[in-house]
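In what follows, chains are A, B, ... by sequence order, proteins preceding strands, each numbered from 1. A quick note: this is a predicted structure, and the numbers were derived from the prediction, not measured.
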Amino acid sequence: MSSAPIAAGGKGSPGARSETGFDPELYRRFPTKEERPEGELAELERVWQAPRGWRLLTAVNNNYIGTFYVGAAFLFFLLAGILALVMRVQLALPLQGVLPQETYNQFFTMHGTVMMFLFAVPAVEALGVLLLPQMLAARDLPFPRLSAYAFWAYLVGGLCFFASLFFGLAPNGGWFMYPPLTSTAFSPGINADFWLLGIGFIEISAIAGAIEIIVGVLKTRAPGMTLARMPIFAWAMLVFAGMIIIAFPAVIFGTLALELERALNWPFFDPTRGGDPLLWQHLFWFFGHPEVYIIFLPAAGLVSMMVSSLAKTPLVGYRLIVLALVATGFISFGVWAHHMFAVGMPRLSIGFFSAASMAVSVPAGIQVFSWIATLSTGKPSHNVPTLFVVGGLVIFVMGGLTGVMVAMVPFDWQAHDSYFIVAHLHYVLIGGMVFPLFATFYFWAPMMSRRPLSERLGKWVFWLMFAGMHLTFLPMHLTGLMGMPRRVWTYLPERDWEITNLLSTAGAFVLGAGILLFLVDIARNFRFTTGDTAGNVYGGGTLEWLPNGLYAARSIPVVTSRDPLWDQPGISEDVEEGRYFLPGTATGHRETLITSPLNAEPQFLQIMPGPSVWPLFSAIFTAGFFLLLTVQAYTIGVVSGVLAILCVLRWLWETDRVVEPARVDIGAGIQVPTYVTGGSTHGWWAMVVLLIVILMIFLMALFSYLYLYGIHGRVWVSPPATFWLAPVLAGYGGATGLALLARRLLARETSTLWSPATNLIFAAGTLALGWAVDLHSWRASGLSPESSGQGATVYGLVAHQGMVVFVALLYAVYIAARNSRGLVSRPRNTSFDLATMFIAYCGVQGSVGALVVRLFPGVV
Amino acid sequence: MTVAVEGLSGWPPPVLDPAGPYAGSVTALTWVLIGMAVAVLLIVLAALYIALFGKGELRRRLGGEKVIWILGIAFPTVVLTGLLVWGLTLTRHLSAPAAEGTALKMRVSGEMWWWRVDYLDEAGSTLMADANELHIPVGRTVEIELVSPDVVHSFWVPQLSGKLDMVPGRRNLIRIQADRPGTYAGQCAEYCGGPHALMGFMVIAHEPAEWARWLARRRAPPAAPTDAQAQRGGQLFLAAGCGACHRIAGTPANGLAGPDLTYVGARRTLGAGILPNHRGTMMGWIGDSQAIKPGNRMPPYRVLSAEQLEAIAVYLEGRR
Amino acid sequence: MRAWLLLLGGMLVWAVHFFLLYALASLWGSAAPARIGTGLVTAACLAANAGILLLCVRTAKTHDAETVIGWPARLGAPVAALSLVSVAWQGLPALLV
Amino acid sequence: MPATLLLLAACKPPPEGRHPMAGADAAAGRAVVERVGCGSCHAFPDIAWPRGAVGPDLSRFASQTMIAGRVPNRPDLLAAFVRNAPAVVPGSAMPAMPIDEAEARDVAAYLYTLGAE
């Protein structure tokens with residue numbers, strides 16, 4: 001099947017106006033003139049209807065999941081905020097006894113962990129789920145069940161994780177969990193395991209969301225919405241998701257390694273046995289610093305959108321803002337070691353980490369002045385969202401300036417780990433994320449609520465929060481310069497720290513009062529609805545303000561500008577009347593239009609899955625798996641894990657079905673296929689992203705191996721004899737070859753003995769064989785994982801490979817099962833394609849891993 | 001009113017009140033950075049004010065892409081280049097080794113939750129062991145090896161230098177110097193679990209001659225006690241097993257797990273910088289240090305009677 | 001693909017530069033080989049960045065913003081310029097620290 | 001001693017007349033108690049740290065009739081006792097303290113605020 005629906009005289013060259021061969025002239029057919037058939041809208045509504053009653057739990061529509069998601073994230077914000085208030089009471093005066101030492105240590109660990117992992121990242125991801133489809137005029141995100149799964153795993157897991165506090169089992173090693181403090185020798189309880197395994201599902205959830213967002217932004221934009229016309233928020237979320245894909249694997253590998261050290265005594269971080277505590281710091285901060293921008297960029301994207309709407313003028317410097325987002329996405333990966341200026345690194349490395357830390361502030365400056373320029377160009381209205389946007393901007397600039405200060409190495413040596421840093425990071429995060437988030441609440445609430453939030457209360461909320469914020473954190477700069485280190489549960493009177501601390505505590509309560517008042521506003525005015533919303537109160541120009549239902553816009557407009565609602569007169573009515581793409585349902589299923597990544601040219605119609613209970617169940621079992629392992633209930637933990645896998649397979653079973661008719665009219669006589677395979681499908685993109693995640697985890701394991709080699713290499717033992725490489729590489733290479741062959745075989749079915757599906761099982765089997773030989777050769781060589789850092793990292797790589805081999809086997813069996821039920825279409829099939837891709841990748845990864853750990857120590 | 005006056009007692013904060021060159025150059029940088037931050041903040045605030053409330057030409061001029069190029073790109077690039085050059089140069093300066101043979105060499109080991117202090121000779125072997133206090137001569141660079149046997153700690157005396165971590169398995173080198181005599185507070189700056197908050201120490205800078213006398217005296221252990229109560233205390237100290245963890249030179253007590261107590265009576269503080277050191281607090285600490293510093297490694301000695309406690313305290317008080 | 005390369009080229013050079021410097025300093029600390037290596041890598045990356053910047057500017061001149069690579073080239077130019085500054089800064093420590 | 005604590009102390013009801021301590025300042029006494037580290041052996045109701053367990057809990061000291069179970073709880077005796085316990089109560093487990101007479105009077109005044117009816 002061709003993916004080019006209507007050719008405009010062959011595929012264009014890169015210099016052409018068309019990316020896929022779609023003729024842009026066709027856009028001129030819209031808006032259409034003819035009457036829409038009776039009952040079309042009712043049919044659309046029926047198809048997209050959300051389940052009612054308790055079945056709402058099975059809903060997958062982004063309106064519902066997005067709202068739940070935002071709500072849950074905000075709940076964790078409140079919980080972590082309460083912890084902060086109690087801590088502030090403890091620190092109000094020296095030698096207070098409100099919280100005992102151990103409880104305080106748990107409180108600050110949980111405050112940081114919950115704010116970062118359970119509030120900030122999920123909150124911005126939630127906003128993506130909620131707002132992106134509408135902004136892009138997609139019917140929903142490309143994998144609605146995946147977002148439902150991500151949400152439920154996060155909610156169930158997050159609540160259980162938080163509950164550990166009530167049993168005194170909460171982690172107490174600080175949110176960055178430095179070993180050896182967090183290894184079994186110094187943290188024998190299960191508190192640290194709660195952190196390590198508890199964070200596991202947050203990582204899964206974040207990565208699931210990132211896949212969703214990347215594919216959503218690149219593949220489901222409204223036709224004509226080229227890269228240059230994308231709402232800034234979509235750009236921000238694209239960079240955000242890309243950063244998650246690169247950054248999270250570092251913390252995934254780190255947490256796995258530390259858990260392996262704790263549970264199985266593999267000494268990744270133990271300096272007495274060839275590990276190194278600083279390896280953790282590198283892994284953690286390679287994730288941890290980008291994390292800050294992962295939180296900030298989406299919020300900055302929203303600010304860019306709001307500034308333009310509130311000033312009623314197009315964003316000034318759109319291209320520069322995109323530049324800033326992209327540059328931040330990259331450079332933020334070059335600053336991780338500025339959290340480690342005081343660990344005693346070579347001063348040359350310190351130098352260029354300092355330089356990168358400076359460089360990353362330039363994009364922030366670009367955005368700030370772009371916002372100011374936009375406000376100057378237009379007529380900014382003085383309402384609550386404006387207050388929050390401007391207030392947040394001031395706070396963020398202050399945090400950014402102290403950020404430049406601590407990027408200066410000599411100053412950082414003084415400020416590092418003191419209250420100056422506490423002040424700095426709260427300024428950045430509150431100004432960069434929390435205030436924009438509140439602006440977002442006020443700005444976009446009318447999109448989902450019957451009534452907008454109150455302007456009168458909102459102003460009180462703002463001023464209380466703004467004043468409280470400064471009163472809390474401004475004095476902390478001084479407290480830090482006075483020598484108060486962070487993470488102290490109390491301090492002695494003779495240090496003269498009480499005045500500034502008392503001010504900070506007072507401020508915290510003012511800030512808290514503002515947030516309390518916001519809850520009052522929500523309770524009084526927020527009434528969730530998907531139909532009769534308050535609408536475009538602030539006059540936004542982007543597509544989320546089109547008339548909306550659960551199906552998003554009635555018809556999907558052709559976009560010719562960055563602010564279509566301002567520049568394309570009549571667009572709202574035309575959309576509402578169904579005069580654009582896909583005014584109803586073309587196949588009787590849920591569906592969305594898949595477009596090309598650069599120019600958003602229509603490619604095909606994707607059938608979307610509806611409500612299902614399986615994402616919910618698999619999420620519950622996933623969370624169960626991690627939490628049961630934490631409390632050392634291994635048997636039911638593993639059972640829970642198996643159940644989670646079964647539920648995922650069950651949910652996937654219903655997807656990837658060929659539907660009739662094969663080509664449909666998506667409006668104005670333009671026909672697209674309903675089933676395609678290959679590089680333009682959303683599944684292909686998702687698999688590529690997933691493989692990048694796996695590759696990054698692999699690279700992190702390799703990095704750890706090389707890093708420890710650099711420190712302890714002289715005492716490393718020699719690898720297994722080279723002849724072992726032959727069967728290992730044969731197994732891995734054979735798997736890749738067989739997998740690629742399977743894809744070719746699919747077109748021509750021969751016999752059941754060597755059907756394409758059987759071939760795939762052979763491929764996975766060969767892979768497993770190669771892996772088994774690999775593992776065996778290391779065991780035979782006498783190196784054990786407990787013996788040294790070399791053992792830990794080598795077996796870490798082998799274990800990682802073992803995990804993907806396991807998935808490959810599962811995958812092959814799953815495809816065979818689909819095949820036996822006649823669900824594998826010929827000559828091409830998406831599920832089949834993705835399985836071959838996965839197995840082929842596994843073979844390559846295995847070969848590289850096997851080669852490096854055998855050859856490297858010998859060569860250097 | 002009182003509050004305001006009291007508030008000033010914390011001024012100037014240690015980071016801005018350096019007592020030696022390693023902190024002093026950073027203080028200068030700090031002031032410049034503060035100035036830079038305030039100036040930029042004022043520019044942004046002024047621009048915001050114009051954007052929100054301004055009128056006419058000024059506001060119009062602020063409205064184009066040009067302002068992003070000038071204020072958002074060119075201006076930061078120039079300022080940051082300058083700062084970067086200064087910062088890097090200063091970093092080199094601060095990490096340059098002292099001239100051969102001039103520096104006093106010490107080793108400080110951060111341990112959960114106290115500081116092991118060794119005075120080293122040129123060859124690096126220990127001249128004298130102490131804990132929780134560093135005595136240094138004024139005007140001389142002190143090169144301190146920082147190590148840790150357990151978890152990551154961080155050595156920080158704001159008035160003398162920035163901080164440097166003590167990482168298990170590694171050996172870091174920090175330089176401090178005091179140019180005026182005095183007592184400078186220090187504290188562990190890297191969260192190290194449990195009573196991290198109560199892990200302080202102090203650096204006491206003496207005039208060189210006085211320091212030399214001090215060191216000479218310290219090279220030999222204090223005289224054995226003569227008074228009966230103290231003698232009994234010494235016997236009890238050994239009988240109670242204190243010597244398993246603590247060392248007192250010249251006696252059979254030679255434990256290395258806890259602080260060296262040879263000169264414990266001369267220390268300013270007990271429990272790593274948290275309590276004044278006198279007979280009363282010593283008794284409280286020995287009797288139940290867990291009530292004072294929860295989680296610390298010393299068990300409570302509730303079996304000792306009041307008389308026994310006092311005798312031990314008297315004995316230790318005399319180790320000076 | 002060409003569009004993405006124009007758009008991200010500058011930053012990809014930045015990434016290569018950064019991680020090479022990290023590798024150099026990990027191998028040789030602050031010693032001479034690391035300094036010389038840093039200088040060479042920096043010079044090469046500055047040249048690469050200048051090349052990408054030039055390519056973007058030329059593409060932007062010949063292709064209007066509505067073409068598939070026109071706008072990416074217009075975005076790629078400032079990206080490469082920022083990367084240029086950033087690479088230069090990262091090279092400074094070899095001379096100053 | 002920080003003023004904040006003075007302010008806090010000022011909120012307490014003044015010590016009533018059963019134990020007159022002319023010219024002594026309870027708040028200053030509390031500061032002395034903190035500085036000298038009496039808490040390393042004794043628990044005081046309004047001092048959160050340290051709360052030593054070696055000596056008696058002094059939470060209701062004002063209503064105690066004896067000092068150390070041996071001599072009457074009288075201001076002059078108490079002031080002497082906190083400064084040099086063995087001199088007042090021979091064989092007392094409490095050692096002499098590094099404070100002067102005025103400070104001792106302040107400490108006594110402070111002790112009389114503890115658990116006063």
Most contacts with chain C, counted as non-hydrogen pairs under 4.5 angstrom, among A:V409, A:V362, A:I331, A:V360: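 Looking at each of A:V409, A:V362, A:I331, A:V360 in turn, A:I331 comes out on top.
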
Pairs of heavy atoms under 4.5 Å with chain C: top-ranked of A:V326, A:L227, A:T226, A:N599: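 So the answer, after comparing A:V326, A:L227, A:T226, A:N599, is A:L227.
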
Contact part of [X] toward chain A, heavy-atom cut-off under 4.5 Å: side chain, backbone, both or neither?
X: C:T38; result: side chain
X: C:W28; result: neither
X: C:L12; result: both

pair A:Y318-A:P314: side-chain heavy atoms closer than 4.5 Å: no

Heavy-atom check, side chain of A:Q603 versus side chain of A:K219, under 4.5 Å: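 In contact.
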
Derivation and outcome, salt bridge (charged side-chain N to carboxylate O under 4.0 Å, His left out), residues A:R28 and A:D23: CA-CA 10 Å; A:R28 290 177 186 275; A:D23 182 0; over 6 Å; no

Ion pair A:D567/A:R229, N-O distance below 4.0 Å: no

A:H339 and A:H289 aromatic ring geometry - parallel, tilted or perpendicular at 30°/60° bounds: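 Tilted.
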
Parallel, tilted or perpendicular: rings of A:F703 and A:Y707 (30°, 60°):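 Tilted, since the angle between the ring planes falls between 30° and 60°.
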
Contact listing (chain A partner; residues 79-97 of chain C; heavy atom under 4.5 Å):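 Expected list: C:V79, C:L82, C:S86, C:W89, C:Q90, C:P93, C:A94, C:V97.
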
Non-hydrogen atoms of A:R17 and C:V68 that approach each other most closely: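 Residues A:R17 and C:V68, closest heavy atoms: C-CG2, 4.1 Å.
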
Heavy-atom contact with chain C under 4.5 Å, split by part of A:M358: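 Contact with chain C is through both the backbone and side chain of A:M358.
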
Positive for ring-ring contact (aromatic ring centres under 6.0 Å, His included) with A:F286, one of A:W280, A:F353, A:W336: A:W336

Side chain to side chain contact (heavy atoms under 4.5 Å, CB included) assessment of A:V322 paired with A:I232: CA-CA 7 Å; A:V322 177; A:I232 281 289; 3.8 Å; yes

